[in-house]
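Structure record follows, encoded as structure tokens.
Per chain, numbering begins at 1; letters A, B, ... match sequence-line order. Heavy atoms only: backbone and side chains are in, while hydrogens, waters and symmetry mates are out. This is a predicted model, so every value here is computed, not measured.
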Amino acid sequence: MKQFWTVFRFEYRNYVKNKLFLITTILFVAVVGAVLSIPRFQDLNSRNEPQNGESGKTVIALVDKTSGDAAAAAAFFMKAMPDTKFETTAESESALKTKVDNGDCDGAVILNTPLTYTYVVKNIGMYDDFSKRFQEVLLAKYRSDKLTRLGVSAADTGDILSAKVTSETVQTGSGKDQMKNYYYTYILIFALYMAILLYGQFVATSVATEKSNRAMELLITSTKPQNLMFGKVLGAGLAGLSQFVLIFGSSYLFYNLNKDYFKDDQVVQSVFNMPLNILLYAVLFFVLGFFIYAFLYGALGSLVSRMEELSNTIMPVNMAFVVAFMVVMFSMNSGLVDNTAMKVCSFIPFTSPMAMFVRIAMGNVAGWEIAVSVAVLIVSTVAVGFLAAAIYRMGVLLYGNAPKPNEIVKMLKNSR
Amino acid sequence: MEFQTEQLTKSFGEKQVLKNVSLHTKSGSALGLLGRNGAGKTTTIRIIMGVFPPDGGRVLIDGAPIQRENVNIGYLPEERGLYPKKLILEQLLYLAQLHGMSRRDAKASITRWLTRFGMEEQLNKKLDTLSKGNQQKIQLAATLITDPDFVILDEPFSGLDPVNAMMLKDVVKELIEQGKVVLFSSHQMNYVEEFCDNIAILNQGEIVLSGKIREIKRSYDRSKIVVASAQRDQIAAFCRERLSALVLKTEPVGEELKIYMKSPKEKNALISALVSQQFDLDSVRVFEPSLNDIFVEYTEDAI
């Protein structure tokens, strides 16, 4: 046990004293801090900017072919779309195209009939919703005109058209608001994904390095392989956890500093106000998922003789993990987090850290299901840990080509 | 402490690497495990260290199967291995602590050994900034900082210059004087001859010769006499012409003359004949094969 702590301390210090580790952590904290402070500065900017009426508005040339009152139409539209200035004109379509092309106006609308129009524009931007908004406005104008013609008073027309339905959704206690949960679940799953891939590689690299520089022979003759394997993996785990605590802790701090500016931001609100039990589940699955993969990576690292072979050897695990991640992500995006694939995945040790966590956060899971999943995961993690130590013990003196899985099984049997 | 291996056998796949290797040594003496490349020296040592188990046979300490956690073993592996990118002090501390030393004791011991090796300045450098020979000294320090009772050195001299080799020899002699068990492997016979009482020559996984160097040498045919004299050629002529009853032939070897007698019993007769002729003799001795000669003789047929 004393030797385990020696290995653990040594490994942990290696990570923490590593410059790359320090730099990435500081960088992450800085970026998170900056991002969470953006609204504060945006707010300051918009307060300082003088509001001049005309500039900043979108200018649209309007050609009314419906024999109606073009000026009245323009006025109606401008009232409905205050950020847009409609300028009436009678130019031909080709003339308008040139005008738009030259940038004399941002776009042009040719009203062909009360319900059809041609929209002339140079670039259609990603977030150009003019057409969509204009359709609504045009429909409103059509209805209003029609109602007026039918003898409905202007006031009534206004009432009718501006009538709105309001509703309130009441949730039963046991359900989940997937929309709200989605964001923090996404962030946590993504963090888990990154942590496993990154630290898994670290563990594999560390083992492979010891093997390639032959420090291994001294180490395994100094202590039990279990001490080395568990010390290594737990050291990496604590290093990863320290990093995440720093990053998440500082983001929580920055959020609290800028809390007032995020009042209307659903996403940020949901992320920083996630329920405590979800956070605890996240930590639990994080730790277990991290360790089961780290052990696996450590075992694989001990099978290669040279660093160059490492990426090939850990590829299958990487692939399987990415597939699991995809399944979980697709299920999250589809909203059906309790589908069959997810149900199966949430009991398989290597996929359950992600799948079961998503189901807890966004779906409906019975308590016993969580208990079974966690129990299976804990048992498998410990089992994989001891198996990894055995593979490590055997792999450390194996030089030459990395053995195939069936050969590993054979050697493990023989070494008993 | 008494150390022993009993009939060790080991195969890797189809190839039998060790065939019934039995070794024996005790506190205060050094056992040299000699053999050509691939003879099985490192495999034997790795089995002793428990890196892998033997297929058959046992490793014994004081007659009982070895409990490696209870014996303080210092091990210098053939493939030197430490962390090239880490500070020397840091990794030596780590290894010492793995062996159960306290941080403070370890630090004192590290400083002592590195000072002994003239390397105390390098404590806070990275290992890979040192030359190969100096890295080797660090490796040796790693072996000795825990003050082991049993020291196993696999090819300790490879990569050392003559001055460093001398230093290592002194260290090993000291270890022997302190009553440690020293086991080492080598194929550099001159070093072995200097401080080893016992040797075991391994050839293709088998011990072909073992015992005290002195006894092995005495067991050789003692019918050759080496005479050192300024009158080498006159002596040769005298032997040829006047002593043909005793001497088969003579052979100049460097400044000396090797005289082949018909029987080892003629030694005194030959010497008195030479003395009575008033030859100017610097030394007369019975020819003994060097360890090198013995080694070559026993391992020549190896692949």
Sequence neighbours left out, what passes ring-ring contact (aromatic ring centres under 6.0 Å, His included) with Phe230(A)? Give chain and number order.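 Expected list: Phe295(A), Phe386(A).
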
Please check if the distance between the ring centroids of Phe21(A) and Phe202(A) is under 6.0 Å.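 No, ring centres 6.0 Å or more apart.
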
Answer yes if the ring centres of Phe12(B) and Phe52(B) are under 6.0 angstrom apart, and no otherwise.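 Between Phe52(B) and Phe12(B), which both carry aromatic rings, the centre distance is below 6.0 Å.
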
If you count heavy-atom pairs under 4.5 Å with chain A, which of Gln139(B), His99(B), Arg68(B) comes out on top?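 Among Gln139(B), His99(B), Arg68(B), the one with the most close pairs to chain A is His99(B).
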
Max heavy-atom pair count under 4.5 Å with chain A, selected residue of Gly50(B), Gly100(B), Gly81(B), Pro77(B):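 Result: the option with the highest number of such pairs is Gly81(B).
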
Can you tell if the side chain of Tyr199(A) reaches within under 4.5 Å of the side chain of Leu241(A), non-hydrogen atoms only?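 Heavy-atom side-chain distance check fails, nothing below 4.5 Å.
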
Check: Ser186(B) and Glu155(B) side chains under 4.5 Å, non-hydrogen atoms: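 In contact.
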
Suppose a student defines contact as a heavy atom less than 4.5 Å from any heavy atom of chain A. Which residues in residues 84-92 of chain B would they list?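 At a heavy-atom separation under 4.5 Å, chain A is reached by Pro84(B), Lys86(B), Glu90(B).
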
Are side-chain N/O atoms of Gln226(A) and Tyr392(A) paired as donor and acceptor at under 3.5 Å?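 Gln226(A) vs Tyr392(A): no donor-acceptor pair found between side chains.
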
Distance-only side-chain donor-acceptor flag, Ser242(A) / Tyr15(A), under 3.5 Å: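 No.
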
Residue part contacting chain B, namely of Asn14(A), when any heavy atom lies under 4.5 Å: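 Contact with chain B is through the side chain of Asn14(A) alone.
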
Ser222(A) versus chain B, heavy atoms under 4.5 Å apart: side chain, backbone, both or neither?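 Contact with chain B: backbone and side chain both.
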
Using side chain to side chain contact (heavy atoms under 4.5 Å, CB included) as the criterion, point out the one residue from Ile48(B), Leu153(B), Val151(B) that pairs with Leu183(B).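 Only one of Ile48(B), Leu153(B), Val151(B) forms a side chain to side chain contact (heavy atoms under 4.5 Å, CB included) with Leu183(B), namely Ile48(B).
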
Contact part of Leu95(B) toward chain A, heavy-atom cut-off under 4.5 Å: side chain, backbone, both or neither?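 For Leu95(B), the contact with chain A is made by the side chain alone.
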
Look at Thr209(A), Asn227(A), Thr221(A) and state which one has the largest set of heavy-atom pairs under 4.5 Å with chain B.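 Counting heavy-atom pairs under 4.5 Å, the top option is Thr221(A).
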
One thing to verify: whether Arg306(A) and Glu309(A) come together as a salt bridge, which I'm taking to mean a side-chain N less than 4.0 angstrom from a carboxylate O.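 Salt bridge between Glu309(A) and Arg306(A), a charged N being under 4.0 Å from a carboxylate O: yes.
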
